[in-house]
Engineer: 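Pasting a structure below so you can have a look.
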Amino acid sequence: MTDLGGKRALLIGVTTLAALLMACGPGQVCESYTDKDLRLQQEQMMREALMRTPPPTPTPTSTATVAAATAAAAAASATPAPFEGKIALGFDHPPFGPGNAGLGGSSAGIVCGLLVNVPAGSIITVNLTGGTGAPASVNSPIAGDGSFSLPFPIQSFGPMNATVGGVKTAAGAALIGTIPPAALTVAGGADVACNAR
């Protein structure tokens, strides 16, 4: 029985000691007057500092910057409209018109076109087929108004067909779209002007 009473007394003593230690923190029973005065002064200085500092407000420039960044992101993610338009063929027999001489053929074939939704400086590739001895494909830059015209050498009379093989921006990005093919038979006699309008 004495052993049990000793343990009980020990447990009460340890609990009392723990309660006293917990009660000695800031604002507790055993806090000294000096510590209490110092703590209260620090709390008062913090309250005064918070009252003097106004809350931050968004500035118009930061709001404008966020709006501009959002608009730029939306524009970058927007899919460009597909290109469309028309291509045509023509030919020029000697004596050659301006820009058609010196191509190395008996005559000059001409491919031209007018495209929309294509940035200036883009490059169009036109595939050529038929019996005129024309090159398999030609490339032409596209002007700011969407037009292009390109002469190429041909060796003989016969059918000539043109299809768009692709359009790329000046930076090399492929554009999407479709344009109907063009066909023309090269014959003797008068020249045929290329007119895609």
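In what follows, every heavy atom counts, from backbone to side chain, and hydrogens, waters and symmetry copies are set aside. Numbering starts at 1 and runs along the sequence shown.
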Engineer: Quick one: does S149's side chain have a donor or acceptor within less than 3.5 Å of a partner on I110's backbone?
Structural biologist: no
Engineer: So which pairs with a foot in residues 127-158 pass disulfide (SG to SG under 2.5 Å), sequence neighbours left out?
Structural biologist: none
Engineer: Looking at every non-hydrogen atom in both residues, tell me the closest pair between S122 and T169 and how far apart they are.
Structural biologist: OG-CA, 3.6 Å
Engineer: State, yes or no, whether a side-chain contact exists between F91 and S107 at a heavy-atom distance under 4.5 Å.
Structural biologist: no
Engineer: Please tell me whether L103 and L89 are part of a single hydrophobic cluster in this structure, the criterion being side-chain heavy atoms less than 4.5 Å apart.
Structural biologist: no
Engineer: Determine, step by step, whether N127 and T129 satisfy the side-chain contact (heavy atoms from CB on, under 4.5 Å) criterion, reporting the C-alpha distance in whole Å, the side-chain angles of both residues, the deciding distance to 0.1 Å, and the verdict.
Structural biologist: CA-CA 7 Å; N127 298 324; T129 58; 5.8 Å; no
Engineer: In terms of hydrophobic clusters joined by side-chain contacts under 4.5 Å, are F148 and I123 together?
Structural biologist: no
Engineer: Here's a test for you: under side-chain contact (heavy atoms from CB on, under 4.5 Å), which of L115, L114, V116 qualifies with V118?
Structural biologist: L115
Engineer: I need the I124 CD1 to I87 CD1 distance, nearest 0.5 Å.
Structural biologist: 6.5 Å
Engineer: Give the table of side-chain donor-acceptor pairs shorter than 3.5 Å for residues 189-197, with sequence neighbours excluded, one pair per line with atom names and distance.
Structural biologist:
residue, atom, partner, partner atom, Å
D191, OD1, H93, N, 2.8
N195, OD1, R197, N, 3.0

Engineer: How close do N100 and P151 get, counting heavy atoms only, and between which atoms?
Structural biologist: OD1-CB, 3.2 Å
Engineer: Evaluate V111 against S140 for side-chain contact (heavy atoms from CB on, under 4.5 Å), listing each step before the verdict.
Structural biologist: CA-CA 9 Å; V111 62; S140 177; over 6 Å; no
Engineer: Between D92 (side chain only) and G97 (backbone N and O only), is there a donor and an acceptor less than 3.5 Å apart?
Structural biologist: yes
Engineer: For a quick test of reading the model, state the closest non-hydrogen atom pair linking S156 to G131 and the distance between them.
Structural biologist: OG-O, 3.1 Å
Engineer: Restricting to ring-ring contact (aromatic ring centres under 6.0 Å, His included), what partner residues turn up for F96, sequence neighbours left out?
Structural biologist: none
